[in-house]
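This report refers to the structure that appears directly beneath it.
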There are 2 protein chains.
Amino acid sequence: MARPRAFDETAALDAATDCFWRSGYAATSVRDLGAAMGLGAPSLYNAFGDKHALFTRCLDRYLDGNMRARIRRLESTLPPRAAIERFLEEVVARSLADPRGCLLVNTALEVAPHDAAIAELVADRLSELEGFFHRCLSVGQRDGTIAARRPARDVARLLLTTIMGLRVLARAHPEPALLKGAARQALSLLDPAAPD
Amino acid sequence: MARPRAFDETAALDAATDCFWRSGYAATSVRDLGAAMGLGAPSLYNAFGDKHALFTRCLDRYLDGNMRARIRRLESTLPPRAAIERFLEEVVARSLADPRGCLLVNTALEVAPHDAAIAELVADRLSELEGFFHRCLSVGQRDGTIAARRPARDVARLLLTTIMGLRVLARAHPEPALLKGAARQALSLLDPAAPD
DNA sequence: GGCGATCTGTAGCGGCTGCTATAGAAAATA
DNA sequence: TATTTTCTATAGCAGCCGCTACAGATCGCC
């Protein structure tokens with residue numbers, strides 16, 4: 001029973017996410033956001049609260065749409081070992097193709113250390129990733145497609161560490177051979193033992 | 001034959017480095033730097049040029065004093081396998097003890113993507129780290145202390161990736177078991193094959 | 001002491017920051 | 001059509017940004 005909003009909230013959030021993703025949190029001004037989202041500062045503040053709340057909203061959406069959706073897709077369509085392999089392949093491919101890197105990793109380094117609420121959100125998502133790897137490893141170890149001699153928990157932790165590291169390396173030195181070589185060795189932990 | 005400087009350049013650079021290290025490049029203002037270094041803006045600009053030049057200077061000093069010195073120390077006092085193990089142990093310990101993380105990693109994510117000169121500097125240092133791992137691996141593979149069935153180049157790349165990843169994880173979720181488990185699995189790539 | 005040169009402190013430049021007061025535009029209800 | 005309610009646009013708040021002009025302080029040299 002009043003004037004409706006003149007903008008598409010989803011499109012606006014996508015535009016804002018791209019700003020934060022490209023430039024980082026601090027380097028993105030509210031004016032930049034307004035311009036990209038196609039709305040003035042008052043509308044922005046009215047609809048999304050302040051800059052920090054908007055960022056949290058964008059980060060949540062990003063993680064749901066990218067990370068969680070990807071985990072679900074891989075875990076439901078591929079056997080566990082292939083799911084792990086595909087995940088790492090996708091991280092390498094995306095790292096090389098998209099100069100923005102991964103918003104989760106960017107945030108873990110830029111925002112989390114100075115913001116307890118964001119740090120908790122990031123830590124939760126990292127645990128979800130670790131859980132994905134751990135589930136795949138456990139199932140794969142039981143069905144014999146993954147070497148069972150290593151503790152699944154620690155291998156999952158190394159895989160998580162590896163994708164973080166790949167994302168960092170790619171942003172300063174995006175060399176395919178480097179990323180692919182590292183990923184290959186991380187995945188070799190899944191192989192059964194070979195003679196020396 | 002003129003008025004000499006009233007401050008200690010080394011101490012001033014240390015103070016500036018700490019600012020950049022703690023808060024990042026963008027979030028450190030020239031006024032913050034001046035206050036920490038104990039000198040006014042004109043002295044700062046006269047002695048070190050602008051903010052970007054000062055940052056480059058700090059980063060260079062940091063890398064010489066931390067990374068390169070550490071590589072030299074480990075490589076000259078320890079056998080290759082122990083040097084690698086010690087390096088990873090130190091990364092884990094420092095990541096848990098120092099909330100500032102690693103200035104090289106912070107810079108790789110915050111500055112390098114928007115600054116070609118810094119990106120090149122960072123990429124060079126990453127290559128030096130990879131080279132350190134590669135040399136240790138090659139020697140260790142020859143003397144039999146490191147499994148020889150894996151390509152040293154790719155294992156070096158994974159070790160490099162691992163320390164980057166450990167640094168990222170520690171800043172958002174500094175849990176000892178997580179970092180230590182990941183490091184342990186990365187190091188297990190050096191072990192000879194075990195039965196499945 | 002006087003001179004020339006370098007350094008330092010004050011003060012301020014234009015421009016940007018996150019955010020908001022105020023007023024006007026647009027739609028649903030009566 | 002008049003009213004009510006929400007949204008939007010203009011303009012501007014105080015405060016910070018990187019940087020610098022200017023004047024005064026402090027030294028070596030003559």
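What you see below is based on every heavy atom in this structure, not just the backbone, and it leaves out hydrogens, waters and symmetry mates. All values derive from a computational prediction rather than experimental measurement. So you know, we letter chains A, B, ... as the sequences are listed, proteins then strands, and number each from 1.
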B/Leu39 CG to C/dG9 C1': how many Å, rounded?
-> 12 Å

Once you round to the nearest 0.5 Å, how far does CE of A/Met37 lie from CG of A/Leu54?
-> 5.0 Å

In whole angstrom, what separates B/His52's NE2 from D/dC17's P?
-> 18 Å

Is any side-chain N or O of B/Ser29 closer than 4.0 Å to OP1 or OP2 of D/dC17?
-> yes

Quick one: B/Asp50 CG to D/dT20 C1', roughly how many Å, whole number?
-> 13 Å

Quick one: is the NZ or CZ of A/Arg57 closer than 6.0 Å to the six-membered ring centre of A/Phe48, and within 45° of its axis?
-> no

Write down the distance between NZ (B/Lys51) and C1' (D/dT20), rounded to a whole number of angstrom.
-> 17 Å

Nucleotide nearest B/Tyr45 (side chain, heavy atoms from C-beta), chosen from C/dT20, D/dC7, D/dC19 | D/dC19

Gap between atoms CG and C1', on A/Leu33 and C/dT17 respectively (whole Å) = 12 Å

Want to settle it: does A/Asp32 or B/Pro42 sit nearer the 5' end of DNA chain C, counting the closest nucleotide to each?
-> B/Pro42

Record whether the side chain of A/Arg31 comes under 3.5 Å of the base of C/dG15 through a donor-acceptor pair of N or O atoms.
-> no

Which of D/dC7, C/dG18, C/dA21 is nearest the side chain of A/Asn46? It is D/dC7

Taken to the nearest whole Å, CE/B/Met37 to P/C/dG9 is 13 Å

Separation of B/Leu44 atom CG from C/dG9 atom C1', in whole Å?
-> 14 Å

Could you state the interatomic distance from CH2 (A/Trp21) to CG (A/Asp98), rounded to the nearest 0.5 Å?
-> 5.0 Å

For the side chain of B/Val30, counting heavy atoms from C-beta on, which of C/dG18, C/dT10, D/dG18 is nearest?
-> D/dG18

Think B/Lys51 forms a cation-pi with B/Tyr25, using NZ or CZ under 6.0 Å from the six-ring centre and within 45 degrees of its axis?
-> yes

